[in-house]
K.L.:
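Mind looking over this structure? Questions follow.
These numbers come from a predicted model, not from an experiment. Atoms within each ligand, like the ligands themselves, are counted from 1 in listed order.
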Amino acid sequence: MDFEAERARLGWNADRQAELERLGDAALLAARVVVEHRGSYGLAGSAVKTARPAGRLRREGGAWPAVGDWVAVEPAAGDGVIQHVLARTSLLERKRPGVDRAQAVAANIDIVFAVTSAEHPPNLRRVERTLAMILAGGARPAVVLNKIDLAGDADGDLRALASASGGAPCIGTSAATGAGVQALRALLPPGATGALLGPSGAGKSSLVNALLGGDRLATGAVRVSDGKGRHTTTRRELLELPGGACLIDTPGMRELGLWDAGDGIDRTFADLAELAAACRFRDCSHHGEPGCAVAAALDSGALDAARFASFEKLRREDAFQERRIDPRSAAATRQRWKAVHKQHRARSRVDPKLRDD
Ligand code: GDP
Ligand code: ZN
């Protein structure tokens with residue numbers, strides 16, 4: 001097995017080679033994480049096929065390996081030991097509602113395709129948020145309008161997407177007819193790593209299959225061990241494409257928070273959205289504004305207070321995610337808080353009971 005050629009296909013380069021050499025331990029091998037399963041890592045690009053992170057990694061609180069990472073692994077009888085996670089060029093993270101720490105979803109992705117379906121007019125605000133998240137993670141975004149075979153006006157939709165994409169490429173595709181798939185491949189040169197993101201049903205699996213070109217081998221199963229000597233077989237999540245590029249396709253990737261959050265909240269709370277539409281002010285916060293339909297419904301008991309509280313909590317978390325990634329939105333939030341603090345200080349001066357400092 002020629003591991004050097006395999007590593008080249010997986011994206012190994014001079015920078016990474018230099019970093020490995022700086023570690024100064026000739027026993028360490030370079031490998032790329034192709035799947036994580038219950039704390040065990042499936043690797044490619046070296047003779048070590050499965051490994052577990054060294055305990056030191058957790059104690060030192062540094063980078064914890066994720067799919068797509070390049071690692072320096074120490075061969076051992078049985079599982080190898082991941083001694084270092086090499087510097088990442090990008091990292092996509094997921095923020096779960098209610099969980100403080102972001103969870104690494106995938107590392108070292110060069111380009112992320114934000115897939116949207118041409119069955120409906122594109123949601124440009126949602127595409128903007130997704131592109132911002134991709135950029136914040138250090139990857140390059142591209143917009144994919146899939147199912148153009150079903151589109152009413154694919155060219156018009158692509159023009160609209162281009163106006164919202166900040167210069168990211170916008171490509172129309174059909175996984176059904178194969179249209180545009182070549183243009184996707186062109187954005188994945190040998191050694192590059194891509195990933196697909198987007199709402200369920202947009203056609204991501206179908207596009208992965210189209211890119212694989214029926215090469216089922218690339219999706220091959222890997223065996224990992226559970227640390228107690230038991231082995232299980234699991235699906236590889238970093239796939240090699242026929243042209244020499246890679247595709248990361250993990251369940252976590254598909255679920256990446258932001259894309260669905262706003263939409264999901266609005267769908268889940270359709271009753272509240274309907275009520276809010278009846279408020280006198282379009283940007284009503286439902287906290288004491290005159291003519292607030294939500295407050296009226298809370299008063300009459302037509303709206304459950306707990307349900308309203310849960311809606312507000314989710315909205316705050318959604319807004320929190322946006323603040324994490326969008327500098328403009330972050331600046332706006334800082335301004336708002338400045339005003340709140342100023343008001344609070346002014347009030348504290350007149351009423352000592354309100355002081356909390
Ligand atoms: P995912 O949830 O994003 O992975 O979406 P899937 O790949 O599972 O596709 C959802 C459905 O849309 C399936 O029934 C596919 O056959 C269909 N589909 C996917 N891409 C296309 C396309 O380009 N054109 C048409 N007509 N159907 C498509
Ligand atoms: Zn209101």
K.L.:
With atoms numbered from 1 as shown, which atoms in ligand 1 lie under 4.0 angstrom from a non-hydrogen atom of A176?
P.N.:
22 (C), 23 (O), 24 (N), 25 (C)
K.L.:
Taking 2.8 Å as the limit, list every protein N, O or S atom around the Zn ion (ligand 2), by chain and residue number.
P.N.:
C279 SG, C284 SG, H286 ND1, C292 SG
K.L.:
Tell me whether V81 shares a hydrophobic cluster with V34, the cluster being built from Ile, Leu, Val, Met, Phe, Trp, Tyr side chains joined at under 4.5 Å.
P.N.:
no
K.L.:
Flag S206 as yes when one of its N or O atoms lies below 3.5 Å from any N or O atom of ligand 1, and as no otherwise.
P.N.:
yes
K.L.:
Just wondering, do E74 and L28 contact through their side chains at under 4.5 Å, heavy atoms?
P.N.:
yes
K.L.:
Flag the pair L272 / H286 as yes when at least one side-chain heavy-atom distance between them is below 4.5 Å, and no otherwise.
P.N.:
no
K.L.:
Could you tell me how the ring of H287 sits relative to the ring of F308: parallel (under 30°), tilted (30 to 60°) or perpendicular (over 60°)?
P.N.:
tilted
K.L.:
Between E19 and A87, is there a donor-acceptor pair closer than 3.5 Å when you use the side chain of the first and the backbone of the second?
P.N.:
yes
K.L.:
As an exercise, identify every atom of ligand 1 less than 4.0 angstrom from a heavy atom of A175.
P.N.:
20 (N), 22 (C), 23 (O)
K.L.:
Would I171 end up clustered with L212 when hydrophobic side chains under 4.5 Å apart are linked, directly or stepwise?
P.N.:
yes
K.L.:
So is there a nitrogen or oxygen of G203 less than 3.5 Å from a nitrogen or oxygen in ligand 1?
P.N.:
yes
K.L.:
May I ask whether I82 and V48 are part of the same hydrophobic cluster, defined by side-chain heavy atoms of I, L, V, M, F, W, Y residues being less than 4.5 angstrom apart, directly or through others?
P.N.:
yes
K.L.:
Can you confirm whether more than 12 heavy atoms, excluding those of E4, are under 6.0 Å from its CD atom?
P.N.:
no
